[in-house]
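Take a look at the structure below.
On a predicted model such as this, the values are computed, not experimentally measured, just so you know. Note that ligands are numbered from 1 as they come in the structure, with each ligand's atoms numbered from 1 the same way.
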Amino acid sequence: MIAAAPNELPTPYLRIGSERLYTASGGTFRHASPYDSTLQTDVPMAGPAEIQAAVAAAAGAADDWRFWRPEARRAALHRLASLIREHREEFGRLSAIDNGMPLAMGLGGVDLTAEWHDYYAGWCDKIDGQMLSSFGTRGSFSYTSPEPYAVVGVILTWNGPLVSLGMSVAAPLAAGCTVVVKPSEMTPHSARLYGELASQAGIPDGVLNIVSGGPDAGDALVRHPLVEKISFVGGPTTAQKILVACAERFKPSLMELGGKSACLVFPDADDIDSIAQRAAFAAFGKMSGQACAIPTRLVVHEDLHDDVVKRVCEIAAGYTLGDPLDPATRMGPVIHAGAQQRILESVDRAVQDGAGRVVLGGTNPGGDLADKPFVRPTVLVDVDPQHDIAQTEVFGPVLLVFRFREEDEAIALANGTDYGLAAYIESRDVDRVHRVAERLKAGGVYVNGATTIVPHTPYGGLGISGFGKQGARTGLDEFLRYKTVSIL
Ligand code: NAD
């Protein structure tokens, strides 16, 4: 069923303490669904004044929230998880309207986000320190006391309207931090509903503040002296600016940045159809290639190369492109016309430079979609690994295929960029899997399957893909400082 008209959508607002602001000093962003530009909402944009107010609200709520009984905090996060599940359909629809993500993808994201909250709810009453008694004096010992950062500033990009928000907020809330989130102005609807559900779940005003805004608002949040830690999801160039601003106050940060992940396909891999299905879904079906950890480089043994390429192209050519709200759609638009142009230009440039050959796509699909920001699933072969298209994240439905003969060559190709978010191995040879996994430069290695972002495993990159982890106990510790108390 195609969803109700977006003009029935509630208007987004800034959530600051108990205030709900429909206008703000940073002006207004006219939000249009990437699929249908007539669907518009006015998003109030925070300026420095609203950031100041949001941080003050978070700082004011910090002491109370930190000392909530752990079982009460746990119950509130479980309630939020349940409410997210209860609003599954609505969140799926809002994600599609926010950024053009196909309904099925959005619904999957809702389930993951709910799981993430249940998982971190479980940590609320298990936050512990250590007792260390290795001193030479009788009665001397030390203990470590975990203390939450008072105010955490969360800055998000647009590609996971609900998932990125939930993944970035659940752990600091469980740790006892208060939070100011600056989501992207391009995803206002999911953020509004999430904030409302947090209130319904009993999370007090001031503990979670949500303020849309642009780079200036983000910068004001990073530089605010009461914001003690930054958690950022976005691109490496923005991350560098944030890191410079953080340096002014020695502010720690968690950086979840871009990727250029490779999938190595060895001759002892699964059948070609399974590999090709996974590769096509990751590169095209998952958010039109606008996802951080997907394998965008396929590194295939020469014995399988041609068959894999042929099958990936057949599968991708069969994808239904269209309205993200239509359940039959396998691939939606890219975020906006500017992104479409950037993606198509990067493909054209590679071809003109003789750095790759297009065997599928490379154009707008035309027809009914000609005036919309779509890019056909695009596959390039014979790619020059040093060319910009092979070195920089395209963030669109573009899959690059490389050929190798020896294992060392495959590893060198996989490790041959500055990124290090994820890597994939397709092989049923257990010795090879462990040997290659150990040598891959990536925060996560996924074997014979797609990216598995689940709350009980750590997720995060290295190199220009960032540092720090979301997920697992590690993801909780990101928001705790351990004080050592020594009795001498
Ligand atoms: P971006 O870096 O341009 O913007 C992200 C956010 O930063 C926005 O909210 C923006 O307003 C804010 N911002 C911009 N300038 C700022 C400044 N100077 N100070 C503070 N905040 C500022 O986002 P993008 O490049 O469009 O995002 C896409 C990137 O995000 C891709 O590289 C993608 O791979 C990455 N990503 C990573 C993950 C992950 O978990 N590793 C998840 C999703 C997306």
Identify the protein heavy atom lying closest to atom 23 (O) of ligand 1, giving its residue, its atom name and the separation to 0.1 Å. T157 OG1, 3.3 Å
Within reach of ligand 1, part of L221 (heavy-atom separation under 4.0 Å): neither
Atoms of ligand 1 close to G218 [distance to a heavy atom under 4.0 angstrom, numbered from 1]: 19 (N), 20 (C), 21 (N)
Report yes or no: do H31 and E185 form a side-chain donor-acceptor pair below 3.5 Å? no
Look only at interatomic distance and state if I155 has a nitrogen or oxygen under 3.5 Å from any nitrogen or oxygen of ligand 1. no
Which residue owns the protein heavy atom closest to atom 41 (N) of ligand 1, what's the atom, and how far is it? L257 O, 2.8 Å
Is the ring pair W116/Y120 parallel, tilted or perpendicular, if the boundaries are 30 and 60 degrees? tilted
Would you call R20 and D205 a salt bridge, using N to O less than 4.0 angstrom? yes
What I want to know is whether E393 and ligand 1 share at least one N or O pair that is separated by under 3.5 angstrom. yes
Per-atom contacts of ligand 1 with T238, taking only distances under 4.0 Å to non-hydrogen atoms: 1 (P), 2 (O), 3 (O), 7 (O), 13 (N), 14 (C), 15 (N), 16 (C), 22 (C)
Check: of F232, F395, Y459, min heavy-atom distance to atom 5 (C) of ligand 1 comes from F232
Are any of the side-chain nitrogens in E115 or R85 under 4.0 Å away from the carboxylate oxygens of its partner? yes
Considering only NZ, NE, NH1 and NH2 on the basic side and carboxylate oxygens on the acidic side, decide whether R93 and E89 come within less than 4.0 Å. no
Of all the atoms in ligand 1, which lie at a distance below 4.0 Å from a heavy atom belonging to W158? 26 (O)
Please state which protein non-hydrogen atom is closest to atom 11 (O) of ligand 1 and give its distance, to 0.1 Å? K182 NZ, 3.0 Å
G235, any N or O under 3.5 Å of ligand 1 N or O: yes
Could you find the nearest protein heavy atom to atom 36 (N) of ligand 1 and give me its residue, atom name and distance? C292 CB, 3.6 Å
Residue N159 vicinity, atoms of ligand 1 by number, heavy atom under 4.0 Å: 43 (C), 44 (C)
Using a strict threshold of under 4.0 Å (side-chain N to carboxylate O), is an ion pair present between D477 and R473? yes
Could you check atom 35 (C) of ligand 1 against the protein and tell me its nearest heavy-atom contact, residue, atom and distance included? G234 O, 3.2 Å
Within the structure, does Q470 bring an N/O atom to less than 3.5 angstrom of an N/O atom in ligand 1? no
For atom 17 (C) of ligand 1, find the nearest protein heavy atom and state the residue, atom name and distance (0.1 Å precision). P215 O, 3.9 Å
When you measure from the side chain of R349 to the backbone N and O of D388, does any donor-acceptor pair fall under 3.5 Å? no
Could you state the interatomic distance from CE (M186) to CG (N99), rounded to the nearest 0.5 Å? 9.5 Å
Against heavy atoms of L156, which atoms of ligand 1 measure under 4.0 Å? 6 (C), 8 (C), 9 (O)
Atoms of ligand 1, numbered as shown, that sit under 4.0 Å from any heavy atom of I242: 19 (N), 20 (C), 21 (N)
Taking the non-hydrogen atoms of G214, is any one of them nearer than 4.0 angstrom to ligand 1? yes
What's the shortest distance from atom 19 (N) of ligand 1 to any protein heavy atom, and which residue and atom give it? D219 N, 3.5 Å
Is the Y22-Y13 ring centre distance short of 6.0 angstrom? yes
When every non-hydrogen atom of Y149 is compared with those of V152, the smallest separation belongs to CB-CG2, 4.1 Å
Angle between ring planes, F284 versus Y319, binned at 30° and 60°: parallel, tilted or perpendicular? perpendicular
Quick check: closest heavy atoms across P12 and P44, and the distance to 0.1 Å? O-CD, 3.4 Å
